[in-house]
Amino acid sequence: MGSFQQDLKYSARTLRRSPGFTVAALVSLGLGIGANTAIFTLPNAVFLHPLPVRDPGRVIELFTVDHATASAVPLADR
């Protein structure tokens with residue numbers, strides 16, 4: 001445990017000597033953590049959590065593809 005405390009003291013001392021590097025490191029860490037959180041929130045919600053319905057196997061989406069415009073048109077709008 002003593003060497004870990006020495007490493008922490010050394011790293012704090014080194015970061016204090018170069019504040020520009022410290023700011024750049026903290027900003028890049030913050031951006032990286034924030035980007036990963038944002039990117040993996042959607043797949044987590046879509047793929048890892050079940051649909052909030054009683055029988056998700058019976059849920060369907062009805063639409064048709066208009067090949068002239070290559071766009072999907074819901075059947076309710078036809």
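Here, residue 1 is the first one in the sequence, and each next residue gets the next number.
Residues Leu15 and Thr22 approach most closely at O-OG1, 2.7 Å, considering heavy atoms.
In this structure Thr37 satisfies the side-chain contact (heavy atoms from CB on, under 4.5 Å) test together with Ile33, Thr41, sequence neighbours excluded.
Judged purely by atom type and a 3.5 angstrom limit, Asn36 uses its side chain to pair as donor or acceptor with the backbone of Gly32.
One hydrophobic cluster holds both Leu42 and Phe47 under the rule that ILVMFWY side chains link at heavy-atom gaps under 4.5 Å.
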